[in-house]
Amino acid sequence: ITATRITATDNDDNGLEFDAASVTLSNATVSDHTLTGISITSTSATLRNVESNNNGVNDFSDNYQGINIDTAEDVDLTDISAQGNYDTNVRISGDPLSRTISITNISVRNSEQRSGLGITGSTEGNEITITNATATGNDDDGIYLSAASADITDATVSDNSEDGIEFRALSGAASVS
């Protein structure tokens with residue numbers, strides 16, 4: 001599925017929800033949803049020029065993200081802004097056999113409960129690259145990674161309640177460069 005120039009505001013469930021083999025989303029703004037701003041279950045997810053702000057806005061919210069991508073083997077995020085979401089601003093999770101994650105120009109600010117950017121459930125065959133990231137004022141870590149390795153370049157992490165960057169190595173060799 002390809003979706004372009006989407007604005008979604010103030011829905012009682014998720015702002016946008018995709019369950020498809022491949023998802024491409026560009027030029028989208030989502031905000032003020034009761035649950036997750038953008039929920040994607042897919043083997044391939046590409047997001048370009050996407051904002052997701054102030055989602056998970058009810059009193060019973062738990063585990064509602066700005067952007068949640070689950071089970072994707074290939075993730076490509078460029079020009080992403082997520083702030084003020086109840087849980088993690090941008091979360092990539094699931095456990096495929098291998099995963100390629102490329103994140104360029106991301107700003108994650110002021111999550112209310114967890115990390116700005118969280119990548120979990122990854123395996124040793126991962127290629128995780130994060131370039132030009134800003135993670136500030138989040139209630140937990142600025143960036144949280146559970147992986148075998150990651151390349152992080154040009155990151156600004158400040159004023160987070162926990163670590164600026166927390167890297168939890170999976171079994172075997174681990175590296176952050």
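When the side chains of ILVMFWY residues are joined at heavy-atom separations under 4.5 Å, either directly or via intervening members, V23 and I38 end up in a single hydrophobic cluster. Y144 and I152 fall into different hydrophobic clusters, defined by Ile, Leu, Val, Met, Phe, Trp and Tyr side-chain heavy atoms under 4.5 Å apart, directly or through other members.
Distance alone, capped at 3.5 Å, places no donor-acceptor pair between the H33 side chain and the N14 backbone. Looking at S42, its side chain does come within 3.5 Å of a backbone N or O of A20 through a donor-acceptor pair. Listed for the D12 side chain is no donor-acceptor partner under 3.5 Å among the backbone atoms of T34. Side-chain atoms of T153 never come within 3.5 Å of backbone atoms of T131 as a donor-acceptor pair (strictly under, hydrogens ignored).
Here D74 does not pair with R99 in a salt bridge; the nearest charged N to carboxylate O distance is not below 4.0 Å.
Side-chain atoms of S26 and N49, non-hydrogen and from C-beta on, never get closer than 4.5 Å to each other. Looking at L16 and S39, their side chains never come closer than 4.5 Å, going by heavy atoms from C-beta outward.
Across every non-hydrogen atom of I67 and S52, the tightest pair is CG1-CB, 3.8 Å. When all heavy atoms are compared, the tightest approach of T36 to Y64 is OG1-CA, 3.6 Å. Of all non-hydrogen atoms in Y86 and G56, the two that sit nearest each other are CB-O, 3.2 Å. Summarising the geometry of S31 relative to N55, their closest heavy-atom pair is C-OD1, 3.6 Å, with the distance given to 0.1 Å. The minimum heavy-atom distance between N89 and G84, with the atom names listed, is OD1-N, 3.7 Å.
Between the CD atom in E73 and the OG1 atom in T43 there is a gap of 6.0 Å [rounded to 0.5 Å]. The structure places CD1 of I165 at 14.5 Å from CD of E162, a figure rounded to the nearest 0.5 Å. Separation of atoms CG (L47) and OG1 (T78) is listed at 9.0 Å; rounding is to 0.5 Å. Atom CG in N11 sits 11.5 Å away from atom CD in E17 (nearest 0.5 Å).
Under the side chain to side chain contact (heavy atoms under 4.5 Å, CB included) rule, I119 has a single partner from I143, V90, I128, which is I128. Tested against L77 for a side chain to side chain contact (heavy atoms under 4.5 Å, CB included), the candidates V50, I130, I101, I69 yield a single pass: I69.
In this structure, the side-chain contact (heavy atoms from CB on, under 4.5 Å) partners of D163, at least two apart in sequence or on a different chain, are D141, E166.
N85 and T88 form no side-chain donor-acceptor contact under 3.5 Å, judged by distance and modelled atom types alone.
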Without placing hydrogens or testing angles, list every side-chain donor-acceptor pair under 3.5 Å for residues 103-111, not counting sequence neighbours.
residue : atom : partner : partner atom : Å
N105    : OD1  : N132    : ND2          : 2.5
N105    : ND2  : D79     : OD1          : 3.1
S107    : OG   : R109    : NE           : 2.9
R109    : NH1  : T136    : OG1          : 3.2
S111    : OG   : R114    : O            : 2.3
S111    : OG   : N138    : OD1          : 3.3
S111    : OG   : D139    : N            : 3.4

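The neighbour count for D13 CG, taken as heavy atoms of other residues, nucleotides or ligands under 6.0 Å away, is above 12.
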| request: With salt bridge (charged side-chain N to carboxylate O under 4.0 Å, His left out) as the test, would you mind laying out the steps for D70 and R91 before giving the verdict? | output: CA-CA 8 Å; D70 191 26; R91 178 177 177 236; over 6 Å; no
